[in-house]
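Let me begin by presenting the structure, written as structure tokens, before commenting on it.
We number each residue from 1, following the sequence as shown. First listed ligand is number 1; within each ligand, the first listed atom is number 1.
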Amino acid sequence: MSSFLVLSGGLSPERDVSLRSGRRVAEALRLVVNAEVLEADVDAGLIQSLLNLQPDCVIPVLHGAAGEDGALRDVLTSMQLPYIGATGAAARLAFEKPVAKALLAQAGVSTPAVLALPHATFRELGATALLDGIRDYLGLPIMVKPSSGGSALGCSIVRTAQDFPPAMVGAFAYSEFAMMEQYIKGTEVAISVLETNDGITALPAVEIVPQSGIYDYNSRYTAGTTEFFVPARLSSDVTAECARIAVLAHQVLGLRDWSRTDLIIDESGTPWFLETNAAPGLTETSLYPQALAAAGLNLGEVTKALVEHAILRNERAFTA
Ligand SMILES: Nc1ncnc2c1ncn2[C@@H]1O[C@H](COP(=O)(O)OP(=O)(O)O)[C@@H](O)[C@H]1O
Ligand SMILES: [Mg+2]
């Protein structure tokens, strides 16, 4: 009997989210495949378990470092195992938000102005003068985020000069690089992308309206704290433009199988690119499953099709 292995957990701050995503996808897959669906955490025993289990396909559902920075994917590639989703190289481009933004900007997409600096620069040059200059350049409010990572951990809005230093400390707690980005006021939407044999398709846009006003960790993973509208309440022109950008991001970053692009649409109707996730969340409250449901698709069936596709892709890559 075939066996598929869902990898989740890991050591990133998004461990809990990943475990929930992993459980959900494993349960959905079990309902539709005639194969063993195993689940494993990512720890020091991983390579040995992969060697013992020899799964027919791996489904990495890891968020944050190791899962999305490309490392684990390169390990799977080195073991010649088929897996769903982006290669290590592509995941790395998407994971570094300032890099992804630069690539999308080159492709003509609007993305908020950004500066990205490592912690070391603040130590070497002194924080006060640096922050004054950045504030003048970008103008308040400013969004401060770790340059990589997800679930809005370490993200905050700087509305006054006093908010700036603690916001930087918050971002540096999660990553060596922090990004300071022009704040865009508007409607937040997430566009899930699915790539199958039929091509790359954008699923219905999910509009996000958090009760707290900020789509933070709590708003994401506590049921009932955020209102979603699927499809988003957008004009058909803006909807089409969001779909175009999400498909373009998937292509420009070289992603595979599935991805999710986060955008904010300003008052004039312009969508601003924030980031693309190579391993979209799949928990009960996550955006990707909502988009699949709105498109009339089932998570288990979609994952099954991606698994079959990944197995064929691997056979082609490793048979001369
Ligand atoms: N430039 C910005 N302007 C306004 N809000 C932003 C901006 N960047 C991020 N946000 C808010 O912060 C959240 C997290 O940002 P995002 O870049 O998507 O990181 P994550 O990987 O944590 O999802 C977004 O969902 C959005 O609510
Ligand atoms: Mg996001």
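Residues Glu284 and Arg20 are paired through a salt bridge, judged by an N-O separation under 4.0 Å between the basic side chain and the carboxylate. By the 4.0 Å N-to-carboxylate-O rule, Lys97 lies too far from Glu181 to be salt-bridged with it. Between Arg30 and Glu27 no salt bridge is recorded (no basic side-chain N to carboxylate O distance below 4.0 Å).
Contacts with ligand 1 closer than 4.0 Å are made by side-chain heavy atoms of Ile264 only, the backbone lying farther away. At a heavy-atom cutoff of 4.0 Å, ligand 1 is contacted by the backbone of Ser151 but not by its side chain.
Close approach of ligand 1 to Arg220 (heavy-atom distance below 4.0 Å) involves ligand atoms 13 (C), 14 (C), 23 (O), 24 (C), 25 (O). Residue-ligand proximity, Glu181 to ligand 1, at heavy-atom distances under 4.0 Å covers atoms 1 (N), 2 (C), 7 (C), 8 (N). Close contacts between ligand 1 and Glu188 involve ligand atoms 24 (C), 25 (O), 26 (C), 27 (O) [criterion: under 4.0 Å to a heavy atom]. Residue-ligand proximity, Gly149 to ligand 1, at heavy-atom distances under 4.0 Å covers atoms 21 (O).
Note: Phe172 and His119 have parallel aromatic rings, judged against thresholds of 30 and 60 degrees for the angle between ring planes.
For residues 295-307, the set of pairs meeting the salt bridge (charged side-chain N to carboxylate O under 4.0 Å, His left out) definition, not counting sequence neighbours, is empty.
Residues Leu62 and Ser18 come closest through the heavy atom pair CA-OG, 3.7 Å.
To the nearest 0.5 Å, the span separating CZ on Phe229 from CG on Leu234 amounts to 11.5 Å.
The N, O or S atom of Asp262 lying closest to the Mg ion (ligand 2) is OD2. As for Glu275, its N/O/S atom nearest the Mg ion (ligand 2) is the one called OE2.
Taking distance alone, with nitrogen or oxygen atoms compared against 3.5 Å, Asn277 stays at or beyond that limit from ligand 1.
Here the heavy atom of the protein found nearest to atom 3 (N) of ligand 1 is Ile184 N, 2.9 Å.
Taking hydrophobic clusters as Ile, Leu, Val, Met, Phe, Trp and Tyr residues chained together by side-chain heavy-atom distances below 4.5 Å, Leu38 shares a cluster with Val42. Under a hydrophobic-cluster definition in which Ile, Leu, Val, Met, Phe, Trp and Tyr are linked whenever side-chain heavy atoms come within less than 4.5 Å, directly or via other members, Phe318 and Tyr83 are assigned to different clusters.
When the heavy-atom distances from atom 23 (O) of ligand 1 to Lys145, Lys185, Glu275 are ranked, the shortest goes to Glu275. Here the shortest heavy-atom distance to atom 19 (O) of ligand 1, taken over Met143, Arg260, Lys97, His63, belongs to Lys97.
In this structure, Leu274 has a heavy atom closer than 4.0 Å to ligand 1.
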